[in-house]
Engineer: 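First the structure, then my questions, so here it is.
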Amino acid sequence: MERNEILEEFFIDLQKAIRRILKVERRLRLEELKNLVSVDAAYRGRFMAVAAVKWSLMKGEVLDEKTMICEPPYPYVPGLLFLREGPPMLKLIKEFDDWQLLLVDAHGILHPRRMGLAVFLGFILDKPAIGLAKSLLVGEEEPGESFGRVFVEGEVLGYWFKPRGSRKFYVSPGYMVGVDQIPKIISILGSRYPEALRRADMLSKKVLRDLAKQS
DNA sequence: GCGACAG
DNA sequence: ATCTTGTCGC
């Protein structure tokens with residue numbers, strides 16, 4: 001599928017409109033956090049694979065997995081990732097129940113219109129969500145050793161974190177989560193790149209390998 | 001106009 | 001994101 005200027009302008013307007021009505025009335029209650037869902041996508045040739053993993057924080061293990069292979073609905077455009085990865089991810093996440101927080105391999109409000117993929121998914125699902133990305137789309141990082149805030153126009157919209165021995169990543173609220181809750185959430189997730197997301201990443205790549213193997 | 005730009 | 005071998009080091 002090729003890019004479409006009219007469509008992109010429309011979805012940018014939609015992002016701005018949704019942003020205007022978003023409110024922080026309900027917030028994730030961290031003491032009730034038991035199960036997570038994480039989602040990631042991988043690409044190969046003309047296909048993409050999306051994997052969603054339900055993860056138990058207490059047991060530290062996978063409770064359930066879902067995958068799907070499809071052709072990307074839209075090309076990658078910085079700021080409009082939700083057009084590309086949102087539709088298949090929603091399809092999978094809706095199949096899970098009994099979870100309290102969604103982990104997305106993308107930005108949340110750390111986005112030009114504060115409407116990253118993690119915000120969009122949380123909003124559509126009406127569930128708490130956060131975004132975790134490996135590179136910055138917008139914002140200035142506070143200097144530091146392994147942890148710091150990320151500012152956009154003087155406002156704290158997220159945090160950067162660099163675990164010992166692994167690469168830096170950025171965390172920002174998606175939906176029903178306050179920026180002030182991010183440090184505590186990172187701590188609850190083990191102060192490292194979340195295992196639940198790592199599993200979704202590995203799984204999405206695996207289904208594409210298996211697809212290439214049999215064909 | 002130029003550069004930057006989640007996955 | 002993905003294309004990709006060997007190589008440095010715990």
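To find a chain, count down the sequence lines: A is the first, B the second, and so on, and within it residues start at 1.
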Engineer: What integer distance in Å separates A:R167:CZ from B:dA6:P?
Structural biologist: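 Answer to the nearest Å: 11 Å.
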Engineer: Under 4.0 angstrom, heavy atoms only, what part of the nucleic acid is A:R44 near: base, sugar-phosphate, or nothing?
Structural biologist: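 A:R44: no heavy atom of the nucleic acid under 4.0 Å.
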Engineer: Within the pair A:S135 and B:dC5, is there a side-chain N or O less than 4.0 Å away from OP1 or OP2?
Structural biologist: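 No, no such contact exists.
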Engineer: Rounded to whole angstroms, how far apart are NZ on A:K206 and C1' on C:dT2?
Structural biologist: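 After rounding, the gap between these two atoms is 20 Å.
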Engineer: Remember a base hit wins even if backbone is also touched, and classify A:L110 as base, sugar-phosphate or nothing at under 4.0 Å, heavy atoms.
Structural biologist: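 Answer is nothing: A:L110 stays at 4.0 Å or more from every strand.
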Engineer: Determine the sole option in A:I93, A:L63, A:D64 for which the side chain to side chain contact (heavy atoms under 4.5 Å, CB included) test with A:W99 is passed.
Structural biologist: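 It is A:I93, the one option of A:I93, A:L63, A:D64 that forms the side chain to side chain contact (heavy atoms under 4.5 Å, CB included) with A:W99.
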Engineer: A:E85 CD to B:dG7 C1': how many Å, rounded?
Structural biologist: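 Rounded to whole Å, this separation is 5 Å.
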Engineer: Within this structure, what is the CD-to-C1' distance between A:Q15 and B:dA6, rounded to whole angstrom?
Structural biologist: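 Rounding to the nearest Å, CD of A:Q15 and C1' of B:dA6 are 12 Å apart.
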Engineer: Students often get this wrong, so: under 4.0 angstrom with heavy atoms, is A:Y43 touching a base, only sugar-phosphate, or nothing?
Structural biologist: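 Sugar-phosphate, backbone atoms only, no base.
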Engineer: For A:E65, is there an ion pair with A:K206 - N to carboxylate O distance below 4.0 angstrom?
Structural biologist: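 No.
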Engineer: Please give, in whole Å, the distance from B:dC5 P to A:L137 CG?
Structural biologist: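 Atom-to-atom, A:L137 to B:dC5, this comes out as 9 Å.
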Engineer: Flag the pair A:D105 and A:K134 as a salt bridge only when some basic side-chain nitrogen lies within less than 4.0 angstrom of an acidic carboxylate oxygen.
Structural biologist: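 A salt bridge links A:D105 with A:K134.
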Engineer: Are OP1 or OP2 of B:dA6 and a side-chain N or O of A:Y76 less than 4.0 angstrom apart?
Structural biologist: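 Yes.
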Engineer: So what does A:A106 touch, heavy atoms closer than 4.0 Å: a base, only the sugar-phosphate, or nothing?
Structural biologist: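 Base contact.
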Engineer: Does A:G79 reach a base, just sugar-phosphate, or nothing at all? Heavy atoms under 4.0 Å.
Structural biologist: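 A:G79: base contact, heavy atoms under 4.0 Å.
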Engineer: Over all strands shown, is A:L132 touching base, sugar-phosphate only, or nothing at heavy-atom distances under 4.0 angstrom?
Structural biologist: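 Counting heavy atoms under 4.0 Å across all strands, no contact is made by A:L132.
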Engineer: Nearest whole angstrom, please: distance from the P of C:dA1 to the CG of A:D105.
Structural biologist: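 It works out to 7 Å between those atoms.
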Engineer: For the pair made of CD in A:E141 and P in B:dA4, what is the distance, rounded to whole Å?
Structural biologist: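 Atom-to-atom, A:E141 to B:dA4, this comes out as 16 Å.
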Engineer: Separation of A:R84 atom CZ from C:dT2 atom C1', in whole Å?
Structural biologist: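 Result: 11 Å.
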Engineer: Between A:R27 and A:D180, does any NZ, NE, NH1 or NH2 come within less than 4.0 Å of an OD or OE carboxylate oxygen?
Structural biologist: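 Salt bridge between A:D180 and A:R27, a charged N being under 4.0 Å from a carboxylate O: yes.
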Engineer: Once rounded to the nearest 0.5 Å, what's the spacing between atom CZ of A:R198 and atom CG of A:L203?
Structural biologist: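 Separation between the atoms: 12.0 Å.
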